[in-house]
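Take a look at the structure below.
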Amino acid sequence: MLPLPLENLMPQPLSFRPTEGQWTWDGHAPLPVVGPAESLAVCLGLLGPDFVCAAQEGQQAAIELAPGQADGEAYGIQISSTQLRVECSATSPHAAFATLQQLLRIARTRDLPAGLIEDSPAIPTRGFMLDVSRDRVPKMQQLHELIRTLWGLKYNHLELYLEHAFSYKGHDAVWRNASPLTQNEVRELDGACRFFGIELVANQNCLGHMHRWLTLPEYAHLSEDPRGMEHAFSVEREPFSLCPTDPKSLALATDLIDQLLACHQTPKINVGLDETFDLGEGKSAAACEQHGKGRVYLDYLHGVHQHIKTRGAQMLFWGDIIAQHPELVPDLPKDAIALLWGYEAGHPFDEQARLFAASGLEFWIVPGTSSWQCLLGRIDNARKNLREAAQAAVAHGAKGWLVADWGDFGHWQPWPISWPGLVLGAAEGWNPGHTSGDLAQQIELAIPEAKGHGAGLVALGQTHQALASPAVNGTSPFFHLRYAHQSLPLERAPSLTLQGLEAFDRAKTQALALLPPGTPITQEFQAASAISGLGESLAKARLGAPDSQTLADLPKPVRSKLQSQWTQVLDLQAQAWSLRSRSGGCEDSLQRLRAIAALLI
């Protein structure tokens with residue numbers, strides 16, 4: 001347990017040995033720093049003139065930089081009554097300076113206890129993956145702020161999940177209305193990541209999740225099943241996966257891979273290959289019948305891998321499909337990295353990690369922020385999911401850790417809802433099992449933008465417990481929106497009652513009251529709460545009319561009252577969306593809400 005006020009450092013350091021005294025700073029003038037030229041330049045660049053400046057000749061230094069004894073990210077910080085002494089590798093000082101920044105933020109208002117911090121990461125690669133293809137594409141300022149935040153939390157790997165939101169040459173029809181990332185923007189972000197000690201790794205799904213492409217006439221011929229299916233990301237029947245036995249599918253995938261790799265300095269790419277729901281249901285049915293779905297999938301994976309290898313890059317892929325065929329794990333490419341994902345508490349990380357560890361293949365563990373399909377967060381699930389994932393990662397020797405943040409079905413939740421999972425994920429990936437302290441204060445320390453909002457944010461992320469409805473990978477009010485077209489009972493909203501909805505509404509009101517009025521972040525939370533309110537209203541109406549199996553069965557006055565809520569909420573969401581996200585994709589996201597309102601006519 002770290003002493004106050006150090007207990008809110010995130011990630012928490014491995015050890016702190018207290019000594020006598022304390023270090024005091026008035027928080028006004030920047031602190032003079034001395035040290036080797038290379039480390040000094042990085043320190044000044046990362047912390048900036050608000051915190052530090054180069055010590056002038058003869059000036060007493062408040063911070064001394066010294067070469068560390070080990071390579072890598074290990075570091076030490078000695079706090080004495082007169083000085084902070086930072087020992088770190090000249091080639092990898094970013095983690096040390098991230099802790100130094102948090103210490104200086106604390107020192108603006110409180111004295112630091114004297115002692116020695118000694119620290120190093122449990123997992124070498126600690127990444128964050130942001131979904132930028134489920135309608136919400138962040139503005140460049142937001143992405144630059146994300147990169148700085150990731151550095152401050154000691155992440156060293158970033159992926160921007162893509163399906164269609166990149167300006168691929170020759171494929172304008174797919175991204176035309178998405179306000180996509182451009183080649184120059186990705187190169188700019190790549191450079192920013194390098195400055196902060198982060199590798200930006202290309203990411204493009206290359207088999208499943210291709211419905212944005214396959215619904216267009218130009219690409220429909222590549223689909224596994226042109227008849228389509230109702231999948232987790234649409235209420236309409238759509239073709240979902242490329243046909244893995246069609247050489248033209250591989251040609252499209254390799255074209256996208258080449259274009260993305262050209263914008264990234266890091267020679268790695270995450271090619272997805274997850275959730276191939278319709279594999280074997282269409283054009284590849286005969287091949288799957290003859291060779292098995294697992295083998296057909298693996299053959300396609302090898303084709304993608306072979307191309308990436310010719311480009312001098314390394315392939316990352318989601319491990320969910322191959323985990324269903326454990327006998328094929330030994331046949332995977334030996335230099336590929338399997339990503340073992342699971343986002344619920346109780347996910348069998350241990351079992352899956354044991355399988356891949358026994359094979360000798362490199363694998364990473366991928367938990368999540370628990371921000372999606374719930375609008376206001378699920379902090380209790382995030383804590384458990386991240387803790388269990390970290391335990392499995394350490395126990396089985398995972399070399400990588402990737403915290404995923406998705407935007408399923410319109411990415412209605414705003415970015416700040418992900419902050420608790422982002423902070424807890426950083427802590428578990430660096431020093432597993434050490435997340436004590438006040439989460440609200442830890443968020444505000446790690447993310448200055450959150451100042452004044454931490455308590456309300458954490459309270460909002462716990463409101464779903466009042467529902468007493470154990471929904472999986474989301475919350476029941478969200479699923480009453482997502483599956484509004486289905487008849488009751490909704491499988492994804494178990495045990496939901498009118499009493500639970502009333503308790504949830506009271507908890508939301510109390511949480512929102514903790515937020516400062518009139519701020520942009522509060523505006524975002526209010527919009528998310530309003531969308532959740534639509535789901536609550538649908539659920540109340542349907543549960544209160546047990547003879548009404550569909551929305552159309554509800555009495556017309558009830559339907560009219562529900563419809564009247566929609567316009568105001570759409571306006572709130574559009575305004576909140578524009579604070580951080582590009583205009584492209586907003587209409588698609590809002591249309592999902594309009595389609596629900598249409599069911600009430």
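Everything quoted here is computed from the prediction, not taken from an experiment.
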- request: Provide the full list of salt bridge (charged side-chain N to carboxylate O under 4.0 Å, His left out) pairs with a residue in residues 484-500, sequence neighbours left out, each pair given once.
  value: none

query: Quick one: salt bridge (charged side-chain N to carboxylate O under 4.0 Å, His left out) pairs with a partner in residues 528-540, sequence neighbours left out?
result: Glu502-Lys540, Lys508-Glu536

- prompt: Do you know which two heavy atoms are closest between Leu376 and Ser529, and how far apart they sit?
  reply: CD2-N, 4.0 Å

- request: Would you mind listing every salt bridge (charged side-chain N to carboxylate O under 4.0 Å, His left out) that reaches into residues 516-528, with sequence neighbours excluded?
  value: Glu524-Arg580

query: Where do Thr522 and Thr519 land on the side-chain hydrogen bond (donor to acceptor under 3.5 Å, both in side chains) test, with the steps shown first?
result: CA-CA 5 Å; Thr522 296; Thr519 69; 2.9 Å; yes

message: A cation-pi test, strictly: NZ or CZ of Arg482 under 6.0 Å from the centre of the six-membered ring of Phe409 and no more than 45 degrees from its axis. Yes or no?
response: yes

query: Which is it for Gln12 and Thr435 under the side-chain hydrogen bond (donor to acceptor under 3.5 Å, both in side chains) test, yes or no, and what are the steps along the way?
result: CA-CA 7 Å; Gln12 294 189 351; Thr435 55; over 6 Å; no

query: In chain order, what residues pass the side chain to side chain donor-acceptor pair (under 3.5 Å) check against Glu199, with sequence neighbours excluded?
result: His157, Lys268

task: Could you list the residues that satisfy salt bridge (Lys or Arg N to Asp or Glu O under 4.0 Å) with Glu281, not counting sequence neighbours?
output: Lys293

query: Taking atom CZ of Arg227 as the centre, does the number of heavy atoms from other residues, nucleotides or ligands within less than 6.0 Å exceed 12?
result: no

task: Can you sort out the partners of Thr215 under side chain to side chain donor-acceptor pair (under 3.5 Å), two or more places apart, ordered by chain and number?
output: none

Audit row: Asn205, Glu163, side-chain hydrogen bond (donor to acceptor under 3.5 Å, both in side chains) steps and yes/no: CA-CA 6 Å; Asn205 228 320; Glu163 292 175 357; 5.0 Å; no

message: Which residues pass the side chain to side chain contact (heavy atoms under 4.5 Å, CB included) test with Thr369, not counting sequence neighbours?
response: Phe128, Ser371, Trp372, Val403, Asp405, Ser418

message: When you compare the side chains of Gln204 and Tyr168, does any donor N or O come within less than 3.5 Å of an acceptor on the partner?
response: yes

- line: Contacts satisfying salt bridge (charged side-chain N to carboxylate O under 4.0 Å, His left out) that involve residues 563-576 (not counting sequence neighbours) are none

message: Taking ring-ring contact (aromatic ring centres under 6.0 Å, His included) as the cut-off, I'd like each qualifying pair that reaches into residues 525-583, sequence neighbours left out, listed once.
response: none

query: Between Leu130 and Leu143, is a side chain to side chain contact (heavy atoms under 4.5 Å, CB included) present by the stated rule, with each step listed?
result: CA-CA 10 Å; Leu130 178 66; Leu143 291 169; 4.3 Å; yes

message: I need the Tyr219 OH to Leu222 CG distance, nearest 0.5 Å.
response: 9.0 Å

message: Other residues, nucleotides and ligands only: do more than 12 of their heavy atoms fall within 6.0 Å of NZ on Lys139?
response: yes

- request: Evaluate the side-chain hydrogen bond (donor to acceptor under 3.5 Å, both in side chains) criterion for residues Glu7 and Ser436: first the C-alpha distance (whole Å), next the side-chain angles of each, then the deciding distance (0.1 Å), finally the verdict.
  value: CA-CA 7 Å; Glu7 67 172 3; Ser436 60; 5.4 Å; no

- prompt: So, Asp438 side chain and Asn8 main chain: donor-acceptor pair closer than 3.5 Å or not?
  reply: no

- request: Give the minimum heavy-atom separation between Pro432 and Ala390, together with the two atoms involved.
  value: CB-CB, 3.8 Å

- prompt: Are Arg126 and Glu428 ion-paired here, with the side-chain N under 4.0 Å from a carboxylate O?
  reply: no

field: Heavy-atom pair of closest approach, residues Leu467 and Ser476
entry: CD1-N, 4.5 Å

- prompt: If we only count heavy atoms from C-beta on, is the Gln573 to Trp412 side-chain gap below 4.5 Å?
  reply: yes

- prompt: Would you say the side chains of His347 and Glu388 form a donor-acceptor pair under 3.5 Å?
  reply: no

statement: Here the gap from Gln413 atom CD to Arg136 atom CZ, rounded to the nearest 0.5 Å, amounts to 7.0 Å

- request: Check the pair Phe277 / His231 against ring pair (Phe, Tyr, Trp, His ring centres under 6.0 Å), numbers first and verdict last.
  value: CA-CA 8 Å; Phe277 302 129; His231 53 79; 7.3 Å; no

CG on Asn473 to CG on Asp408, rounded to 0.5 Å: 6.5 Å

- request: Walk me through it: do Phe478 and Cys374 pass the test side chain to side chain contact (heavy atoms under 4.5 Å, CB included)?
  value: CA-CA 6 Å; Phe478 179 93; Cys374 60; 5.5 Å; no

field: Residues which pass salt bridge (Lys or Arg N to Asp or Glu O under 4.0 Å) with Asp553, listed by chain and number, not counting sequence neighbours
entry: none

- prompt: Between the side chain of Ser564 and the main-chain N/O of Lys561, is any donor-acceptor distance below 3.5 Å?
  reply: yes

field: Gly585 backbone acceptor or donor facing Ser589 side chain under 3.5 Å
entry: no

- request: Determine the interplanar angle of the Phe233 and His211 rings, folded into 0 to 90°, and report it as parallel if under 30°, tilted if 30 to 60°, perpendicular if over 60°.
  value: parallel

- request: Starting at CG of Leu579, measure out to CD of Gln142 and round the result to the nearest 0.5 Å.
  value: 10.0 Å

query: Ion pair present between Asp131 and Arg134, side-chain N to carboxylate O less than 4.0 angstrom?
result: yes

- prompt: Say you draw a straight line from CG of Asp350 to CG of Leu340; how long is it, rounded to the nearest 0.5 Å?
  reply: 11.5 Å

query: Just by distance, do the side chain of Ser241 and the backbone of Leu279 share a donor-acceptor pair under 3.5 Å?
result: no

query: When the ring planes of Trp318 and Trp406 are compared, do they come out parallel, tilted or perpendicular, using 30° and 60° as the limits?
result: tilted

query: Atom CG in Leu402, atom CG in Leu158: separation rounded to 0.5 Å?
result: 9.0 Å

His171 backbone acceptor or donor facing Trp175 side chain under 3.5 Å: yes

message: Test of understanding: with side chain to side chain donor-acceptor pair (under 3.5 Å), list the residues that count as partners of Arg592, not counting sequence neighbours.
response: Asp135

task: Might you point out which heavy atoms bring His144 and Leu189 nearest each other, and give the distance in Å?
output: NE2-CD2, 4.1 Å

statement: With sequence neighbours left out, the residues meeting side chain to side chain donor-acceptor pair (under 3.5 Å) with Gln563 are none

field: Side-chain donor or acceptor of His464 paired with backbone N/O of Gln462 under 3.5 Å
entry: no

message: With a sphere of 6.0 Å drawn around CD of Gln591, does it hold more than 12 non-hydrogen atoms of other residues, nucleotides or ligands?
response: yes

- prompt: Between Asp225 and Arg237, is the closest basic N to carboxylate O distance under 4.0 Å?
  reply: no

message: Could you check whether any side-chain heavy atom of Leu496 comes within less than 4.5 Å of a side-chain heavy atom of His480, counting everything from C-beta outward?
response: yes

task: Please check if the side chain of Glu188 supplies one atom and the backbone of Glu185 the other of a donor-acceptor pair under 3.5 Å.
output: no

